[in-house]
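See below for the structure under consideration.
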Number of protein chains: 2
Amino acid sequence: MKKIGKFVSYTDQVYREIKDAVISLDIRPGDSLQERSIAEKLGVSRTPVREALKKLEFEGWVETIPWKGVVVKEIERQDIFEVFQCRYANEGFVGELVASLITEEHITDLKEYQKRMTTLAEQDRQQFINEDRDFHMYLAQLTGNSRLIQFLDHLSDQMLRFGIRAVSNDSRMKETLKEHQAIIDAFETGSKEKARKALEFHIQNSQDILLAMIDEEDAN
Amino acid sequence: MKKIGKFVSYTDQVYREIKDAVISLDIRPGDSLQERSIAEKLGVSRTPVREALKKLEFEGWVETIPWKGVVVKEIERQDIFEVFQCRYANEGFVGELVASLITEEHITDLKEYQKRMTTLAEQDRQQFINEDRDFHMYLAQLTGNSRLIQFLDHLSDQMLRFGIRAVSNDSRMKETLKEHQAIIDAFETGSKEKARKALEFHIQNSQDILLAMIDEEDAN
DNA sequence: ATGTGGTGTCTGGTATACCAGTTGAATACC
DNA sequence: GGTATTCAACTGGTATACCAGACACCACAT
């Protein structure tokens, strides 16, 4: 978020507002967003709204259909597949990289995540999902590669949009915890290969579960 | 590029113009870009210039320094390292994916690239670099994963900016051709593992050469 | 000579007016 | 009633005016 001192521009406020609404599905895929009506509703001019929409378009959340308006992109099966495929390639790589530079403190931090998530699994599903994202992004941060981090962050954002269904059944949450533990264990052995495999396995499983759920829904 | 029929917006024209200038180093890192003077020079208003600069900022080409102006980002050693690291992870993965779905026709196409590049190596370095980029992007396209393609495309853009030096010595061009051949050979065997390794090897070599050149320059 | 305050002029951020292409519904015509 | 046509009301794209923060510089007071 761009800030100038303590000042947060309208553009960024509008951007966050719309993006959150899109991720949380308050704005459904297929809904159209009009610069003028959003501007009116939020009490700002078209300019910041326009810039916020442009940014969302760059990021692939919405698309501009000429003379129609800005439309929230549908979630296709293909989208989910692509996001997981990208995560598979890059998080596996993250595992390999991180395995060679991780320290005791980092592992302690990971165990903290694990502890919190174990508690949250029975209390707050939304928060569980957020924590899951943070777990993965924590690993990404350790690589120190800003481009890699940004890409994975972007993918995580997209996960949130369809991820809610993915983890929200109890058995999958338990599996998630097990797989995270396996990842931590792999780091403790220090093996690059094991760390990669553990992350790949975890991502692959998430993908399989989510796609299976989608296919089931579509069948109805 | 967003088009409405045959109409290309000023925003996109300005975007392309500035981006090309940045990539080709006509605009040097550290140079500052002023909305007003660019608008005047190109004969358009601030609005499209502003939007073009926003897009460039989002893509990481420039950064906005409050009350100072929009400044073209410097190329640090770290940037080169990051780009290659991302390419290593993702192009290796591309190799693995593509190996299982590549056809005879595709391999023929790759050999065409190889033929053209062999000729260009002795004639036109700039064109050699463009063709090299196309070779890699052709492989990326075969995955059909638009997010992966977009990411690699973005990385390739950044390569152009510092890549000119990377391939522009004769011995490296010859090596590049050999390594591309090895990639094609790997695809012909159909082995996922070999294809991945061949691409990883190629990227790793490019990185080593380029970073060595940078370090040498910096030493002077 | 030095410190201080005013001021002109940079910057990006925002509001607003206007334009042109598109669409679709009301209307005119058969 | 059915079909062609017109036109008003959308849309995003662009130009322009104005604002406030930041900063460099110079005059002036000490």
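Keep in mind that what you see is a predicted model, and the values were worked out from it rather than measured. Proteins get letters first, then strands, A, B, ... in listed order; numbering begins at 1 in each.
- Among D:dA17, D:dG12, C:dA15, the nucleotide with an atom closest to any side-chain atom of A:Val44 is C:dA15.
- Residue pairs meeting the salt bridge (Lys or Arg N to Asp or Glu O under 4.0 Å) criterion with at least one partner in residues 93-103 of chain A, sequence neighbours excluded, are A:Glu96-A:Arg196.
- Remark: P of D:dT14 and CZ of A:Arg50 are 7 Å apart, rounded to the nearest angstrom.
- Between the P atom of D:dT14 and the CD atom of B:Gln13 lies a distance of 9 Å, rounded to the nearest Å.
- Between the NZ atom of A:Lys54 and the P atom of D:dT14 there is a distance of 8 Å, rounded to whole Å.
- Using the six-membered ring where Trp is involved, B:Tyr88 and A:Phe93 have ring planes that are tilted, between 30° and 60° apart.
- Atom-to-atom, CG of B:Asp12 to C1' of D:dG12 comes out at 13 Å; the value is rounded to the nearest Å.
- Separating the CZ atom of B:Arg46 from the P atom of C:dG13 is a distance of 9 Å, rounded to the nearest angstrom.
- Between B:His136 and B:His202, the ring-plane angle classifies as parallel under the 30° and 60° cut-offs.
- Counting non-hydrogen atoms of neighbouring residues, nucleotides and ligands closer than 6.0 angstrom, the CD atom of B:Glu59 exceeds 12 such neighbours.
- Non-hydrogen atoms lying under 4.0 Å from DNA chain D are contributed by B:Arg36, all within residues 26-43 of chain B.
- At most 12 heavy atoms of other shown residues, nucleotides or ligands fall within 6.0 angstrom of atom NZ in A:Lys192.
- Residue whose closest nucleotide on DNA chain D sits further toward the 5' end, between A:Leu53 and A:Thr47: A:Leu53.
- When the nucleotides C:dG12, D:dT16, C:dT16 are ranked by their closest atom to the side chain of B:Ser45, D:dT16 comes out on top.
- Phosphate proximity of D:dG13 to B:Thr11: absent, as no side-chain N or O sits under 4.0 Å from OP1 or OP2.
- With rounding to whole Å, A:Glu51 atom CD is found 15 Å from D:dG12 atom P.
- Below 30°, between 30° and 60°, or above 60°: for B:Phe135 and B:Tyr113 the angle between ring planes is above 60°, a perpendicular geometry.
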